[in-house]
Number of protein chains: 2
Amino acid sequence: MTKKIPAATVRRLPTYLRYLEEVGIGVGTIGSEEIAAATGGSAVQVRKDLSHLRYSGTRGVGYDIDLLARAIKKALGLDRTRRVALVGAGNLGTALAGYTGFAATGFDITAVYDKNPRRIGALISGMAVRNVEDLVADARIAPYEIGVIATPVGAAQAVADAMVEAKIGAILNFAGVTVKVPPEVVVRNVDLSTEFRILSYYLSR
Amino acid sequence: MTKKIPAATVRRLPTYLRYLEEVGIGVGTIGSEEIAAATGGSAVQVRKDLSHLRYSGTRGVGYDIDLLARAIKKALGLDRTRRVALVGAGNLGTALAGYTGFAATGFDITAVYDKNPRRIGALISGMAVRNVEDLVADARIAPYEIGVIATPVGAAQAVADAMVEAKIGAILNFAGVTVKVPPEVVVRNVDLSTEFRILSYYLSR
DNA sequence: TAGATTGTTAATCGATTAACAATC
DNA sequence: TAGATTGTTAATCGATTAACAATC
């Protein structure tokens, strides 16, 4: 177990990494000023964030892009592939299943599930949609680490329960409703209407 | 201009409101304890958050659901409809355009844009996809307040530039890359790979 | 009045920023 | 050595929590 990284830093490290991947790994060095400009933060904050990593930059020079990217990956546990189960084969699920791009490597969406018989068996990104009732049994054979909920509101809690039963440790919930899970399961919620409403507040001032 | 609400509170108010809408407006009162349980926070935090509103609860009783919902809506500027322009008519854009549900009322996705000639003219949720080059001119006739970027990485900055030129004040960016906009434009970023990577950190400890 | 529950003040905790030391 | 840039310490700021007063 490595040293704990502050939550705010954990949220920003992926953005830094994404930028490093964009400029291209193995292309020399980069300064905190450039990373900050590209990711919308301040240079001090970038340096403070990066100070939690095992790797340090070189004063007067900057950070070696390759080594920095590796250090961030290591710190975020991105040095291994994680199996992902996606539940919900509607428009959103289809969009998520088709998600590629360099930043998505390391997350292997192994199967897509749905409960609608019309969708079960259909092909999405080359995968035949499976019955959500098979999720727990499938996980016994090959465990999932991450579950993605891309169902309508009404189905979300049942899906979360199944994911917990399948011993999934982290859930990404797009369903627009808070799901209840045991405290050891990590949940992140992404909801369009919540985002709109937050923006609305800042528009109105 | 009303009193400023702390950023952390602004992020949570939509979740409270969503829950109130779920239990049903006009059904009596509700306690901070129940709101906390349903939204995954603590009761003190709920009360502290709600103390920023114009409306106060009743000691010994709780909050009137109807009045509380109204007060949150008012505070978030949800007492009016906002026009939304969605750019990117792929899987994700289609999913977002089809988003409905009570929480989405008040955000009127008026038009969907794309730059791919094959998609222009196609129907998405009853709207004919328009050429993204028309965005600025369209906005001159009827302004948009919010822009949603649902394009691939490569197109995102150009779309953001067009949105700024169209005088859009708030952007919801699903493109997985940080876009540069003037400081008065509010941007929120939603990115699948970033979410996966954050979850990865918590899985690895 | 007693019980329930909100609202506020102060303390603690965590995050950001300023200032500057370190060192390539 | 001088210039550039990182890394750290301390100060400030903002968010959360504890304790309790207020009041229905």
Side-chain angles (χ1 to χ4, degrees), chain A residues 3-17 19-20 23 27-72 75 183 198 201-202 205, chain B residues 3-17 19-20 23 27-72 75 183 198 201-202 205:
Chain A
K3 211 170 5 139
K4 196 180 148 187
I5 299 176
T9 297
V10 171
R11 284 194 299 271
R12 283 187 297 263
L13 287 176
T15 308
Y16 302 157
L17 178 57
Y19 181 64
L20 296 178
V23 303
V27 191
T29 63
I30 194 169
S32 59
E33 205 67 67
E34 180 181 344
I35 297 175
T39 59
S42 75
V44 222
Q45 189 167 71
V46 168
R47 291 203 298 278
K48 185 82 182 201
D49 286 338
L50 299 185
S51 74
H52 294 98
L53 305 175
R54 302 298 207 95
Y55 165 76
S56 288
T58 308
R59 289 160 205 243
V61 178
Y63 302 89
D64 180 286
I65 295 179
D66 197 355
L67 294 177
L68 179 56
R70 279 186 212 213
I72 295 178
I198 294 170
Y201 173 79
Y202 292 106
R205 23 190 33 254
Chain B
K3 213 174 0 146
K4 195 180 148 184
I5 299 177
T9 296
V10 171
R11 284 193 298 271
R12 283 186 297 262
L13 287 176
T15 308
Y16 302 157
L17 178 58
Y19 180 65
L20 296 178
V23 303
V27 191
T29 62
I30 195 169
S32 59
E33 204 67 66
E34 182 182 343
I35 298 174
T39 58
S42 76
V44 224
Q45 188 166 71
V46 169
R47 291 202 297 279
K48 185 83 186 202
D49 285 339
L50 299 184
S51 74
H52 294 98
L53 305 176
R54 301 296 207 94
Y55 166 76
S56 287
T58 309
R59 290 162 206 242
V61 179
Y63 302 88
D64 180 284
I65 295 179
D66 197 354
L67 295 177
L68 180 56
R70 280 186 212 211
I72 295 177
I198 294 170
Y201 173 78
Y202 292 105
R205 33 188 25 252

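Protein chains get the first letters and strands the later ones, always in sequence-line order, with residue 1 at the start of each.
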Stretch residues 7-15 of chain B: residues that reach within less than 4.0 Å of DNA chain D through a heavy atom: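 B:Ala7, B:Ala8, B:Arg12 - these, ordered by number, are the residues of the stretch whose heavy atoms sit under 4.0 Å from the strand.
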
Residues in side-chain hydrogen bond (donor to acceptor under 3.5 Å, both in side chains) with A:Thr9, at least two apart?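 So A:Thr9 forms a side-chain hydrogen bond (donor to acceptor under 3.5 Å, both in side chains) with A:Asp49.
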
Apply side-chain hydrogen bond (donor to acceptor under 3.5 Å, both in side chains) to A:Tyr19 and list each qualifying residue two or more places apart in sequence or on a separate chain.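 Counting only residues at least two positions away or on another chain, A:Tyr19 forms a side-chain hydrogen bond (donor to acceptor under 3.5 Å, both in side chains) with A:Glu34.
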
Contact summary for [X] and [Y], nearest pair of heavy atoms:
X: B:Tyr16; Y: B:Thr39; value: CE2-OG1, 3.7 Å
X: B:Ala75; Y: B:Ile5; value: CB-CD1, 3.9 Å
X: B:Lys4; Y: A:Arg205; value: CA-NH2, 3.4 Å
X: B:Asp64; Y: B:Tyr55; value: N-OH, 2.8 Å
X: A:Lys3; Y: B:Tyr201; value: O-OH, 4.3 Å
X: B:Ala36; Y: B:Ser42; value: CB-C, 3.4 Å

Partners meeting side-chain contact (heavy atoms from CB on, under 4.5 Å) with B:Arg11 (sequence neighbours left out):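 Here the qualifying residues are A:Ile198, B:Ala7, B:Ala8, B:Arg188.
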
Reading nucleotides 4-12 of chain C from the 5' end, what letters show protein touch, with B for base, S for backbone sugar-phosphate only, - for no heavy atom under 4.0 Å? BBBB-BB--

Single hit among A:Asp66, A:Ile72, A:Ile65 for side chain to side chain contact (heavy atoms under 4.5 Å, CB included) with A:Leu68: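 Running side chain to side chain contact (heavy atoms under 4.5 Å, CB included) over A:Asp66, A:Ile72, A:Ile65 with A:Leu68 returns exactly one hit, A:Ile72.
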
Between atom NZ in A:Lys4 and atom C1' in C:dC13, what is the gap in whole Å?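 From A:Lys4 NZ to C:dC13 C1': 11 Å.
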
Could you tell me the separation between the CG atom of B:Asp64 and the P atom of D:dC24, rounded to a whole number of Å?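 It is 16 Å, rounded to the nearest whole Å.
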
Secondary-structure stems for DNA chain D, with pairs counted as Watson-Crick or G-U when both distances are under 3.5 Å and runs at least 3 long: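 Ordered by first number, the stems with DNA chain D (at least 3 consecutive pairs each) read C:3-24 with D:3-24.
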
